[in-house]
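Here is the structure we will look at, set down as structure tokens.
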There are 2 protein chains.
Amino acid sequence: MAQKPSIPKGTRDFTPSEVVKRNYIFDTIKKNFQTFGFQPIETPSFENSDTLMGKYGDEGDRLIFKILNSGDFLRSYNENLIKTIKLSLYNLRVYLKSTVKVEMNSYGVNFVEVLPEILRKDKQIKFDESVIDLTNLAIDLWSKIEILVNKEDWIALLINGGDEDKSLTNLSVGIFGEFYFEMGTKYLGNHISEKALRYDLTVPFARYVVMHQNEIDFPFKRYQIQPVWRADRPQKGRFREFYQCDADVVGSNSLLQEVEFVQLYDAVFADLKLDGVTIKMNNRKILAGIAEVIGAKDNLIDFTVALDKLDKIGEEGVKKEMLEKGISEASIEKASPLFNLTGTNLEQLDALEKLLSSSEEGAKGVEELRFIIETISELGLQTATLAIDVTLARGLNYYTGAIFEVGAPEGVKMGSIGGGGRYDDLTGIFGLKDVSGVGISFGLDRIYLVLEELNLFPEAIDRSLQVLCVNFGEKEALMALKLVTNLRKIGIKADVYPSNAKMQKQMKYANNRNVPFVILIGDEELANNSFVVKNMKAGSQQTYSLDKVEEFSATL
Amino acid sequence: MAQKPSIPKGTRDFTPSEVVKRNYIFDTIKKNFQTFGFQPIETPSFENSDTLMGKYGDEGDRLIFKILNSGDFLRSYNENLIKTIKLSLYNLRVYLKSTVKVEMNSYGVNFVEVLPEILRKDKQIKFDESVIDLTNLAIDLWSKIEILVNKEDWIALLINGGDEDKSLTNLSVGIFGEFYFEMGTKYLGNHISEKALRYDLTVPFARYVVMHQNEIDFPFKRYQIQPVWRADRPQKGRFREFYQCDADVVGSNSLLQEVEFVQLYDAVFADLKLDGVTIKMNNRKILAGIAEVIGAKDNLIDFTVALDKLDKIGEEGVKKEMLEKGISEASIEKASPLFNLTGTNLEQLDALEKLLSSSEEGAKGVEELRFIIETISELGLQTATLAIDVTLARGLNYYTGAIFEVGAPEGVKMGSIGGGGRYDDLTGIFGLKDVSGVGISFGLDRIYLVLEELNLFPEAIDRSLQVLCVNFGEKEALMALKLVTNLRKIGIKADVYPSNAKMQKQMKYANNRNVPFVILIGDEELANNSFVVKNMKAGSQQTYSLDKVEEFSATL
């Protein structure tokens, strides 16, 4: 029976119309990345697991898709394991038979110490030490053998087993079962998977910079538009495969980069005709300064996490959460100017400057933000608004300076459609210290939904075919194909209907594909070397000579 | 300690210069796909395993990358398994204790029959029946319990075990070990992985067509350019992640499609300035006809596989292989005209027509090929050559009509740079019968190598920055940024060096990025509102007014 096909939950097929619209957004972003001097890179879809694991917190690790090693990994693991157990029991039997005073504890200590060496020398057993720690294995194995040693009937079987090999095998399989059941997964994990699908573009980028540091001219402005995968619970608007569009600069501390990113957001959204977006900015140093000034330095994370919710839960809610997290009432009282920061960006900067005058870090943050705000106000923006938002924290622990977030135009219900920030040490985890990075990201899926909601996709975007020639039969089709060949050469999307199906069917196809011009070449046209163009919208018809195709193509 | 980063074997990072060159090829292919009326679709990177498995032969199945299920799948599987074993032994004990005449064979038969029902009703045990066949599990489990039943000491332990639960547990763990060691992988496979990375674009496309059949207007011309993954042994020029570029038409039997694909190959390679490629064509029906005529119908596959090697092993080699595969000497003798087919396409067609006159299928193949050859000769090609190649089989069993393969220009050592064919039943595996498909594919990595070897990438392709402004300090940089902002608005790739580093450093950066124009705005220029443009190639300089940026931009 044929399978009824489906796709994995959280993934999507994209129809032609969706691909075209998505590409419209990608292309607009890409064009602006390029005019701003960014260069594209691409990294593999999967990375070595240890490149990704431990970089996104426990929750992130859990959401990383792991790829199964190829080959019959489980069988080889099992075979090695049972051979190891058998070898261990054999040695134990020798010891028990030859020793007058059995000292099980010291035997165990020795076992753990010696087994790894024995395994390394054994020609029949081959554990891959890059994935299995032999000492840990010895410890865990001994914990199981110890149980056996305490069972008199099993010990009798081990020492006196008539058919030696058979009793060894039986006991080994028992140990194998006990071991496997309790601890199998612990060792199997690495055997099963050494590769994992990309979780974001930032960590692979950091890895790329370190690996290619000798061929990169810093400051390195790169952009990267590729899919990422997360084993998140799928829900409306959250997918297990989605694209990220990132631009980052590494190797420059200059605040001009932050200025550029504000301009870049503005340029992209202006090109997309998405007017009225708000580019919200904050600075991690301002958040740290506030926490310092109000005496909640040790609660910086709790403080910012709570503050970030001001939009959603209001002033009272934020204060309540801060209290619950152990921030004192006095501290919260000192922070209250923040809840009512109003006025222009410059007025807010002045208020912050005053509030943070006693914190060196806070003052530095205000100064940085002021430079960006003032420079942008000199340069002007096309359609976006730049606004200070001290509640902005973006939960990401690695930002150390500027924090960006882009809000959709007022009236559109949608979370942020972009975000980013500066992180002082992007590549340290891979051994390249003190390389500052700053970058932003565009949220493709959300931008798509906003453009759809506001009807901002260009009307002609879905025009996959400009000209369709009706097929009246073999000779006519050949003539039509000649015409179409010439149209295609000058870049016009043109086609001949593949069979001389009924006129009605062919016209229906033209309608469904939204073709603006249908060309008719029948007997008569064949005879006098001409073709008739039917304008599908206007309903009008015009005849052209086949020798003067350019008279028609110029009208397209 | 910081990790020394690396990437998985068989995968690649692409540097900016490589991405740009790859995109040049992609864009050229895409542009032509579009002018030929093809529409883009995209499918998820991973599919449900059963969508992919069994579609590419055993070897293909082995090369599919499987994705690990998330969650602690192994623990839950193990727990279910040991509970099942314990339950089985408990029931066996009850039987052994209560029955006078033990009939182990009939107990076993009954066990296999009843266990699935018991498991389904049990509240503690939950096997996912979509991944585990409970009857098979019962059979395999019984095969292990039967061994136990034949061991007197174990049976004694089972019946007389003092502490009932403990003896049950010990015996269960023993069985678990035996079972797991021999048959664990058999059941674990599905528990571990239900998803797999795309192996090609054809099967996902077939799946797409079936799932979206009600929204598709047939004939459906789709193109798809996405990466695929294969767990192949990495070697020079063979990667574990690589892009496929496919165009297919489904739902049309018209040979005009084949004609179009020849034109499409020609158009793409003409656009890439890759002159002199050979589009080789054959027809599966011709191969079948030959096998029929020479009396080797039952050896069609062996015959075509051997014939396909004519290039590599010569006439004698092919004949030897045919003999070895059991094709008679008389048959091979009859086939010998094939080894010396020469002359024009039309002469070869005439020879084939004569050879195949007694085979209906063969004659049909010749007729089809003749139509394509004659129509193309009417339409003409730009730079490619169309050539009949009766040795072309492409090993793929699913082609039923036309077979395409594109050879690089003479003198370039490279396997085929494209291929394709017609398959009468693309979507049948997913339940949609009798939908004919025909398609071609472009080999991106090989085309890249050929263009590189022949130095055919456009010279300016690597120009990621057209203008760089030197940074002489804060004020000057602000003015430069204004200028750059205006240049970017009209689509010029422009940048300001982010810090006022030493002139030498900034010029080195400009050189490394291959920037053609460097702009200088110093004190003097700031004072008289001008900027100096240095032509890096010519070494010349020119001064423009900041109010007349267009005078400069017009020269770009």
Side-chain angles (χ1 to χ4, degrees), chain A residues 2-3 5 7-8 11 13-14 16 19 34-35 37 39-46 48 51 65-68 70 74-75 78 82 173-174 176-178 180-181 185 193 195 207-208 210-211 217 219 231 241 252 254 256-257 379 430-431 464-465 482 485 488 491 493 495 498-499 509 512-513, chain B residues 2-3 5 7-8 11 13-14 16 19 34-35 37 39-46 48 51 65-68 70 74-75 78 82 173-174 176-178 180-181 185 193 195 207-208 210-211 217 219 231 241 252 254 256-257 379 430-431 464-465 482 485 488 491 493 495 498-499 509 512-513:
Chain A
Q3 299 168 352
I7 56 174
T11 68
D13 280 333
F14 295 107
V19 173
Q34 287 168 5
T35 58
Q39 298 180 277
I41 70 160
E42 288 179 12
T43 62
S45 296
F46 46 76
N48 292 323
T51 299
F65 275 115
K66 290 152 198 90
I67 293 172
L68 213 57
S70 35
L74 201 55
R75 174 158 296 274
N78 283 348
I82 201 118
V173 167
F176 175 84
E178 298 238 16
Y180 216 110
F181 178 56
T185 52
S193 164
K195 293 180 288 290
R207 196 263 311 137
Y208 178 98
V210 175
M211 277 180 72
D217 305 306
E241 172 174 38
S252 165
S254 168
L256 287 181
Q257 308 301 359
L379 294 168
F430 298 116
S464 63
L465 202 54
K482 276 184 186 163
T485 301
R488 286 170 176 169
K493 298 172 191 166
D495 213 347
S499 73
Y509 178 81
N512 286 343
R513 282 200 66 176
Chain B
Q3 300 169 353
I7 55 175
T11 69
D13 281 331
F14 295 107
V19 173
Q34 288 168 6
T35 58
Q39 298 180 276
I41 69 160
E42 289 180 12
T43 61
S45 296
F46 47 76
N48 292 323
T51 298
F65 275 115
K66 290 152 198 91
I67 293 173
L68 213 58
S70 34
L74 201 54
R75 174 159 297 274
N78 283 349
I82 200 119
V173 167
F176 174 85
E178 298 237 18
Y180 216 109
F181 177 58
T185 52
S193 164
K195 293 181 287 292
R207 196 263 310 140
Y208 178 99
V210 175
M211 277 180 72
D217 305 305
E241 172 175 38
S252 165
S254 167
L256 287 181
Q257 307 301 359
L379 295 167
F430 298 116
S464 63
L465 202 54
K482 277 185 186 162
T485 301
R488 287 171 176 169
K493 297 173 192 165
D495 213 346
S499 72
Y509 178 82
N512 286 344
R513 283 199 64 176

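Everything numeric in this text was worked out from a predicted model, so none of it was measured. To find a chain, count down the sequence lines: A is the first, B the second, and so on, and within it residues start at 1.
Interface remark: Gln257(B) contributes side-chain atoms only to the contact with chain A (heavy atom separation under 4.5 Å). Heavy atoms of Ile67(A) lying under 4.5 Å from chain B belong to its backbone as well as its side chain.
Remark: Asp13(B) CG to Glu42(A) CD distance equals 10.0 Å, nearest 0.5 Å. For the atom pair CD1 (Ile41(A)) and CZ (Phe14(B)), the distance works out to 11.5 Å, reported to the nearest 0.5 Å. Annotation: the span from Ile7(A) atom CD1 to Arg207(B) atom CZ amounts to 5.5 Å, rounded to 0.5 Å. Atoms NZ and OG1, from Lys195(B) and Thr11(A) in turn, are 9.5 Å apart once rounded to the nearest 0.5 Å.
The shortest non-hydrogen separation linking Tyr509(A) to Asp217(B) is CE1-O, 3.7 Å. Taking all atoms of both residues into account, the shortest heavy-atom contact from Gly37(B) to Arg513(A) is O-NH2, 2.9 Å. For the pair Ser252(B) and Pro498(A), the tightest heavy-atom approach, listed with the atom from each and the gap, is OG-CB, 3.4 Å.
Between chain B and the residues Arg488(A), Lys493(A), Gln39(A), the largest count of heavy-atom pairs under 4.5 Å involves Arg488(A). When each of Pro219(B), Ser499(B), Ala231(B) is scored by its heavy-atom pairs under 4.5 Å with chain A, the top score falls to Pro219(B).
Although no hydrogens or angles enter the test, the distance criterion places a donor-acceptor pair under 3.5 Å between the side chain of Glu241(A) and the main chain of Ser45(B).
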